[in-house]
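The chains referred to below are lettered A, B, ... by the order of the sequence lines, with proteins before strands, and numbering in each begins at 1. Quick note: numbers below take in every heavy atom, side chains included, and nothing from hydrogens, waters or symmetry partners.
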2 protein chains.
Amino acid sequence: MDGSSDWFRTTPAHPLVRKFRNLGIDRDEDLQPLVQAIKVKRKVVRGRDVLRTGRCPAQSTVLLRGVACWYRTMANGRRQIYSFQYAGDFCDLHRYVLPDSYDAVAAQTDCVIGTVPHEDITQIIGRHPKLALALWRATILDAGIVRERLRNMQRPALARIANLLCEQMVRLEAVGGDALVIPIRQLDLADASGLSVVHMNRTIQDLRRLGVLSDQSRAIEILHKDRLVNIGQFDGGYLDGRELLSHSM
Amino acid sequence: MDGSSDWFRTTPAHPLVRKFRNLGIDRDEDLQPLVQAIKVKRKVVRGRDVLRTGRCPAQSTVLLRGVACWYRTMANGRRQIYSFQYAGDFCDLHRYVLPDSYDAVAAQTDCVIGTVPHEDITQIIGRHPKLALALWRATILDAGIVRERLRNMQRPALARIANLLCEQMVRLEAVGGDALVIPIRQLDLADASGLSVVHMNRTIQDLRRLGVLSDQSRAIEILHKDRLVNIGQFDGGYLDGRELLSHSM
DNA sequence: CGCATCATTGAAGCCCTTCAAGACTTGTGG
DNA sequence: CCACAAGTCTTGAAGGGCTTCAATGATGCG
């Protein structure tokens, strides 16, 4: 990656640093034990599975670059996408705690992933209470995202899609990408929002006609953030660990 | 409660014992630190909130008896019920890790609840690694339930409702109640499945006409478990911590 | 008994789905 | 450099599942 195999360890913008700031780990040295436990790094090309349904390996996976989606297939073959994942997110940390073999993660764009052996996580948890709590928090934050997706199902298509796009926009911003172009196909947005591809397409065009999305290309490009937020009744509080941590009495 | 205020500590059928067996705590003495940390017990009558949206208190709540629902209100006033909760379930353990003030829990039947101060949880986690992991597992199991509810939204009404009823049936069985009568109003089932009350009612009557539910009363009484499981494409694996724990390599 | 709550039923209509086909974009090989 | 194929987006038409509104039964409780 970028010539140096240690890019992810030496760069100050390590995706895990940002992620764990959001989880309450402010000092980079506190994060070191975890960063150093990331063992194998490899690429996964767009469309392939990062991890599959089946027996759970004794390791968890971190997304270091790219966009992925966490999903499970239905009996009829369709997918329900639980959430999208960005650089710094764990793909399957919940499997460290409770191995379940139902769901899978697929690469939405070309990805770079790392793996952390579960025995290393066990050691980290035993020795570093702060990191232990942060890891727990990471799974809780994921759960909050899924709950918002469930809540989103109550909304009609226009608001539902707007809301989904808002979340991706905010999370893209957080990882420093171009947050205005959403790098996700309409098919995948459909699988994430429980709508048919056809209706997804029609509704996206409604958003274009409203001037919220650009109609200059087939890409999903956000022109008016605030109108999108408004249409989608979006409140990103559930994404912001820092803000959530300040809520306690 | 039942004359003795220590009923929940002295009975062998303490709801937490069953719950934590499912989470990997087999020996009752391992559970003692947590059981003894349950401080205040009180009743909550049907319809009232067990806990509310707003500032997070420095404690978490355990459901000791009854049925509750974990929900969040939408902008239009409707509720999205994330999941139902039964004796032994934590209502808001996730708030220990990440205080969020959005959601609430309401009593579906008369309930008895206990509270555990967060500082006690912190001590338990520091001193008892097994319990720490089990608590984490509890939140992961909850998250799995919510994911199944999200997946369920892809199904048409008949299968969706059947699936929802199956989950409640299995979880009721686990707490030793009468698992064949689901103690939940149609309105709440509607809020949990994203359907209108009217359509919920019509579909329940379809299930009655199919002979899957009893048509002898207005209660939701299951006559044919296996047919219900079949219609709802239900696989309760995600509820069974013991089975999930056996999946690791 | 009267009132509140919940279940039930009917009618009208829209949101969304499915099926099917065409257009645009991209990449690949001759 | 063009032809072709694969993938994705787009559009049309028909239909059904579900919603909303509104009103009528049941049940239980003070």
Counting any heavy atom closer than 4.0 Å, what does [X] reach on the DNA or RNA strands: base, sugar-phosphate only, or nothing?
{"X": "A:Leu195", "result": "sugar-phosphate"}
{"X": "B:Gly47", "result": "nothing"}
{"X": "B:Val198", "result": "base"}

key: Nearest-0.5 Å distance, OG1 of residue B:Thr139 to CG of residue B:Asp92   = 12.0 Å
note = Winner on side-chain proximity to A:Arg218, out of C:dC16, D:dG12, C:dC24, is C:dC24
Nucleotide nearest B:Asn201 when distance is taken to its side chain, options C:dA7, C:dC16, D:dT8 = C:dA7
How many whole angstroms separate atom [atom1] of [X] from atom [atom2] of [N]?
{"X": "B:Asp215", "N": "C:dT8", "atom1": "CG", "atom2": "P", "value": "11 Å"}
{"X": "B:Gln154", "N": "C:dT17", "atom1": "CD", "atom2": "C1'", "value": "13 Å"}
{"X": "B:Arg160", "N": "D:dG17", "atom1": "CZ", "atom2": "P", "value": "13 Å"}
{"X": "B:Ile184", "N": "C:dT5", "atom1": "CD1", "atom2": "P", "value": "20 Å"}
{"X": "B:Glu221", "N": "C:dA7", "atom1": "CD", "atom2": "P", "value": "15 Å"}
{"X": "B:Arg46", "N": "C:dA4", "atom1": "CZ", "atom2": "P", "value": "16 Å"}
{"X": "B:Asp110", "N": "D:dC29", "atom1": "CG", "atom2": "P", "value": "11 Å"}
{"X": "A:Met153", "N": "D:dC18", "atom1": "CE", "atom2": "C1'", "value": "15 Å"}

request  = Look at the side chain of B:Arg202 against the base of C:dG10 and say whether a donor-acceptor pair falls under 3.5 Å; ignore hydrogens and angles.
outcome  = yes
message = Can you see whether A:Tyr82 has B:Arg147 sitting over its ring - NZ or CZ less than 6.0 Å from the centre and within 45° of the normal?
response = yes
query = With no hydrogens and no angle check, is any side-chain donor or acceptor of A:Asn152 less than 3.5 Å from a backbone partner on A:Arg160?
reply =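 Confirmed, A:Asn152 side chain pairs with A:Arg160 backbone.
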inquiry  = Side-chain N or O of A:Arg208 versus OP1/OP2 of D:dT10: is the shortest distance under 4.0 Å?
reply    = yes
remark   = The salt bridge (Lys or Arg N to Asp or Glu O under 4.0 Å) partner of B:Asp191 among B:Arg78, B:Arg185, B:Arg72 is B:Arg78
task = Could you check A:Arg149, A:Met169, A:Arg155 and say which one makes a side-chain contact (heavy atoms from CB on, under 4.5 Å) with A:Leu164?
result =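 The side-chain contact (heavy atoms from CB on, under 4.5 Å) with A:Leu164 is passed solely by A:Arg149 among A:Arg149, A:Met169, A:Arg155.
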